[in-house]
2 protein chains.
Amino acid sequence: MSKDSEPRVDSTLSKGLAILEELTGMKSGIGVSDLSRELGLTKSNTFRLLQTLTTLGYVRREPDRSYAATLKAWQIGRSVVENLNLRAAASQMMLYLSEETKETIYLAVRDGLNIVYIDKIESTKPIRSWNPIGGAAPIYCVGTGKALLAEDYRLLRDQVAANLQQYTDRTITDVEALDKDMAATKLRGYAIDTGEFRPNVLSFGAAIHLPNGETAGALGVSVPDINLGEGDSDRIGALVQHAASSVSENLRRL
Amino acid sequence: MSKDSEPRVDSTLSKGLAILEELTGMKSGIGVSDLSRELGLTKSNTFRLLQTLTTLGYVRREPDRSYAATLKAWQIGRSVVENLNLRAAASQMMLYLSEETKETIYLAVRDGLNIVYIDKIESTKPIRSWNPIGGAAPIYCVGTGKALLAEDYRLLRDQVAANLQQYTDRTITDVEALDKDMAATKLRGYAIDTGEFRPNVLSFGAAIHLPNGETAGALGVSVPDINLGEGDSDRIGALVQHAASSVSENLRRL
DNA sequence: ATGCGTATTCTATATAGCGGAACAATGAGC
DNA sequence: GCTCATTGTTCCGCTATATAGAATACGCAT
């Protein structure tokens with residue numbers, strides 16, 4: 001028998017959180033008795049725990065005297081996501097992409113109909129694309145943006161459609177074309193920008209997901225067209241896609 | 001002297017949750033010592049609570065041996081909100097409202113006698129009202145809240161009446177006035193807040209209904225008074241009302 | 001080496017939380 | 001109306017439990 005020395009677990013805290021979990025999982029309130037049965041606790045114990053959770057603001061009493069979770073747990077959880085540093089989670093993969101491509105790597109999140117760059121690694125090659133951290137770009141024009149757009153295309157389509165501005169001769173200004181491109185992007189698994197925002201600057205992007213499937217951001221590689229040889233496009237696309245899903249995997253472990 | 005007989009509070013649970021809150025509020029990990037100082041707990045106590053939180057999956061150890069909150073708290077809280085996938089159903093209409101008004105758009109649900117913002121779209125105008133996602137406001141003071149309150153006014157009236165706190169000189173602190181306002185709101189179809197929570201910040205709100213008639217949440221537009229010209233009030237009100245009923249329609253299809 | 005700041009383990013002790021039973025409040029069935 | 005069944009709440013004595021504080025171990029400077 002291996003004396004694993006199980007870490008000691010405070011039972012009160014454990015039970016309290018169990019109650020909270022149970023409660024948040026229910027659409028409507030539940031009574032003390034049912035709850036205690038559910039969790040295999042004594043009524044009095046359950047009652048006291050509910051009492052403390054209530055005074056702490058995690059639980060409230062419904063008018064029908066049953067107990068229900070408040071949104072406090074959610075509010076707390078939200079700040080985790082807010083503080084969740086995508087940059088930290090993505091940094092290894094960004095380095096990897098940089099090594100593999102020697103091009104400029106971007107990490108971007110969506111902000112309305114734009115994307116905002118929250119991190120980047122400069123290209124080591126002489127000719128490089130330029131975009132400052134904190135800078136923005138239209139969502140339908142660049143690799144990262146298109147990757148993000150494809151994720152929520154149903155929600156964003158009409159909005160974007162109403163604002164299709166032309167930046168280069170490659171820019172997609174036709175909704176039908178955008179529809180097709182988004183469909184293709186979804187199939188492909190990563191997005192391609194053929195110089196639609198800055199002339200002769202191509203880019204590739206793939207989305208990063210939170211554990212629940214929500215879109216958290218996107219990774220992208222930006223490449224001057226003259227740097228791009230035959231077949232490079234596919235290779236970089238695949239790399240970005242892989243990197244993004246790897247970051248998503250990282251987030252899953254948080 | 002009121003014999004309040006303070007409800008008994010399990011200290012372990014309380015401390016544990018305090019730690020969790022503290023942790024979720026931090027951008028990066030924190031050590032046992034700092035944390036214990038922060039919360040006024042013993043190091044060993046803090047350590048043990050961290051240990052249980054870790055084995056329960058709420059906390060993880062960073063590579064640098066510090067402690068940080070995991071996404072579990074978030075996932076739990078999320079399920080509260082997830083029970084209604086309101087955000088998805090409302091997003092298109094929120095964008096629409098944003099386009100039409102250029103002001104800040106809120107999606108809120110009721111949480112006891114407060115409302116909590118579960119989504120928003122920032123105003124594009126320079127002066128904008130500010131409320132964080134996850135933030136809360138009294139139900140009887142703001143547009144979204146008043147819309148929600150009007151829906152269940154019979155149930156909530158007395159509770160609310162007992163807690164009429166004054167936030168601005170426009171705040172309704174008189175039950176009779178509230179009665180009238182709620183009646184007017186029902187007739188009108190949307191709620192108006194004339195700067196009753198934050199001075200000079202007006203807001204408009206309308207309720208979203210589930211297919212069975214239950215109230216799911218509310219859409220709102222928040223407007224600094226100086227942005228508001230003659231007739232804008234009616235226009236925005238009508239917009240919000242239409243948007244909310246459109247979202248209700250969406251929910252019907254889910 | 002040495003000292004200082006951590007994290008972690010140990011242990012004796014008090015007390016916080018526990019279960020069970022008693023009590024109150026509800027509501028259903030007749 | 002009354003009973004009976006079920007739920008929510010309080011009480012209380014016991015002991016398992018969480019606690020504080022000291023002891024130990026680690027890391028990292030100088």
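The sequence lines fix the lettering, A, B, ..., with proteins before strands; numbering per chain opens at 1. What you see is a predicted model, and the numbers here were worked out from it, not measured in a lab.
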In terms of side-chain geometry, is the basic nitrogen of [X] or [Y] positioned less than 4.0 Å from the acidic oxygen of its partner?
X	Y	result
B:Lys146	B:Asp193	no
B:Asp111	A:Lys72	no
A:Arg110	A:Glu151	no

Compare side-chain N and O positions of [X] against OP1 and OP2 of [N] and report whether any pair is under 4.0 Å apart.
X	N	result
A:Lys15	C:dC18	yes
A:Thr12	C:dC18	yes
A:Arg48	C:dG17	no

Whole-Å gap separating [atom2] ([N]) and [atom1] ([X]):
X	N	atom1	atom2	value
A:Asn45	D:dT15	CG	C1'	15 Å
B:Leu39	D:dA20	CG	P	13 Å
B:Leu49	D:dA20	CG	C1'	13 Å
B:Asp10	C:dG17	CG	P	5 Å
A:Leu41	D:dG8	CG	C1'	16 Å

Read 5' to 3' with Watson-Crick or G-U pairs under 3.5 Å, [ ] for crossing pairs and | for partners on another strand, DNA chain C gives ||||||||||||||||||||||||||||||
Okay, side chain of A:Tyr58, backbone of A:Leu17: is any donor-acceptor separation there less than 3.5 Å? no
Without swapping roles, check the side chain of B:Thr171 against the backbone of B:Gln166 for a donor-acceptor pair under 3.5 Å. no
Please verify the inter-ring angle class for B:Phe197 with B:Tyr167; under 30° counts as parallel, over 60° as perpendicular, anything in between as tilted. perpendicular
Do you know which two heavy atoms are closest between A:Ala90 and A:Leu107, and how far apart they sit? CB-CD2, 3.9 Å
Grab the two heavy atoms, one from A:Lys43 and one from A:Val32, that are nearest each other, plus how far apart they are. O-CG1, 3.8 Å
Can you name the residues that form a salt bridge (charged side-chain N to carboxylate O under 4.0 Å, His left out) with B:Arg170, not counting sequence neighbours? none
Does the protein touch nucleotides 4-12 of chain C at the base, only the backbone, or not at all? Give it as B, S and - per nucleotide, heavy atoms under 4.0 Å. --SBSB---
